[in-house]
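Here is the structure we will look at, set down as structure tokens.
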Amino acid sequence: MKLSVLTLAAGMVAMTSAHATWQQLWVGSTDMDSTCVRKPASNNPVTSVSSNDIRCNAGTTAPTSTCSVAAGSKVSVEMHQQWGDRSCANEAIGGAHHGPVIVYMSKVTDALTADGSTKWFKIFESGLVDATAGKWGNDVLNDNCGKQEVTIPASIASGDYLLRAETIALHSAGSSGGAQFYMSCYALKVTGGGSASPSGVSFPGAYSASDPGILINIYYPVVTSYTVPGPAVYTG
């Protein structure tokens, strides 16, 4: 019995350590650390696509400031398993939590107080990168010390935005409710923009529990193609 309890406890520790949080933001080569992220209460995933937590995660703390970024420039979102641990010796998200990386933006009135209930447009996605090797978007994230670089669309209007970084762990997604969603929202102030106002989707609402990119067995039969959930990437 003692052995069983110890084994279970070890398994739970391993499972928790495999969870992760989007934490930091880079504007170009400038490390903004966690100054403009809505910090989630924990590194646990959201598992319901119909919960308001699917917007920016659960129990978030408002950021202390916005991060200023020029339209058309690059930012990098950064994920790690434990808050504040940026060691590249550890995987950004471990435990074979394979799945896509997706980034959205939403135009808001005040990025410091916005709750994610506004419309979202997708600016980046990386799904099944190499079917032969079984390599996914968040495996690339692990290769890059938790960082994913994306471009802020040059055409969008200046102003306040939320940027929503997400990875979906699909290791248990063979049954409904098994997919694990990890997301954080960053408060941005976009400068030097154009006039575009991309149409968007709502969270909850953008995903269904039965979407082929959410309800999927990635182990058998062997996955040779993958449809990333949500709308097409905005290219304007």
Side-chain angles (χ1 to χ4, degrees), residues 20-28 30-41 43 45-46 49-79 83 100-126 147-168 181-207 228-234 236:
T21 310
W22 295 98
Q23 306 179 17
Q24 294 84 17
L25 184 85
W26 297 72
V27 177
T30 302
D31 182 4
M32 305 304 294
D33 203 349
S34 302
T35 56
C36 57
V37 70
R38 294 191 67 87
K39 181 182 178 181
N43 66 354
V46 175
V49 297
S50 61
S51 166
N52 285 342
D53 292 341
I54 200 72
R55 294 170 177 168
C56 291
N57 215 317
T60 59
T61 301
T64 57
S65 63
T66 58
C67 288
S68 181
V69 54
S73 66
K74 296 183 184 299
V75 301
S76 296
V77 286
E78 184 176 337
M79 167 176 263
W83 188 266
V101 173
I102 313 170
V103 181
Y104 293 85
M105 292 183 70
S106 179
K107 184 77 166 66
V108 297
T109 302
D110 183 349
L112 293 180
T113 60
D115 63 1
S117 59
T118 44
K119 299 288 187 179
W120 296 88
F121 57 98
K122 186 188 290 184
I123 65 168
F124 175 85
E125 65 180 27
S126 176
K147 299 182 187 69
Q148 177 62 64
E149 185 180 76
V150 300
T151 300
I152 303 298
S155 63
I156 62 173
S158 300
D160 280 20
Y161 287 81
L162 292 182
L163 183 147
R164 177 181 179 274
E166 174 183 43
T167 189
I168 307 174
F181 301 82
Y182 298 86
M183 77 294 293
S184 290
C185 291
Y186 298 83
L188 304 186
K189 187 172 291 294
V190 174
T191 62
S195 58
S197 180
S199 59
V201 296
S202 296
F203 285 102
Y207 298 163
V228 177
V233 173
Y234 173 69

Between OG of S65 and CG of L112, what distance do you get to the nearest 0.5 Å? 7.5 Å

Derivation and outcome, side chain to side chain contact (heavy atoms under 4.5 Å, CB included), residues S68 and V27: CA-CA 8 Å; S68 181; V27 177; over 6 Å; no

Okay, side chain of [X], backbone of [Y]: is any donor-acceptor separation there less than 3.5 Å?
X    : Y    : result
D33  : T35  : no
S158 : G193 : yes
K122 : P231 : yes
T60  : K39  : no
S155 : G194 : no

Please list, chain by chain and in numerical order, all residues satisfying salt bridge (charged side-chain N to carboxylate O under 4.0 Å, His left out) with R164, sequence neighbours excluded. E166

Below 4.5 Å, heavy atoms only, C-beta onward: do [X] and [Y] meet side chain to side chain?
X    : Y    : result
N43  : W83  : no
L162 : W120 : yes
Q23  : V37  : no
T151 : I123 : no
L188 : L25  : yes

Criterion side chain to side chain contact (heavy atoms under 4.5 Å, CB included) on Y161 and I156, from CA distance to verdict: CA-CA 10 Å; Y161 287 81; I156 62 173; 3.6 Å; yes

Please lay out, stage by stage, how I152 and M105 fare under the test side chain to side chain contact (heavy atoms under 4.5 Å, CB included). CA-CA 9 Å; I152 303 298; M105 292 183 70; 3.9 Å; yes

List the atom of [X], the atom of [Y], and the distance in Å for their closest heavy-atom pair.
X    : Y    : value
N52  : P204 : OD1-CD, 3.4 Å
V233 : E125 : CG2-CG, 3.7 Å
C56  : G116 : SG-CA, 4.4 Å

Is it the case that the side chains of K119 and S106 hold a donor-acceptor pair, with the cut-off being a distance below 3.5 Å and no angle test? no

Those residues at least two apart in sequence (or on a different chain) that pass ring-ring contact (aromatic ring centres under 6.0 Å, His included) with Y186 are none

Which residues pass the ring-ring contact (aromatic ring centres under 6.0 Å, His included) test with Y234, sequence neighbours left out? F121

Between T167 and W22, is a side chain to side chain contact (heavy atoms under 4.5 Å, CB included) present by the stated rule, with each step listed? CA-CA 9 Å; T167 189; W22 295 98; 4.2 Å; yes

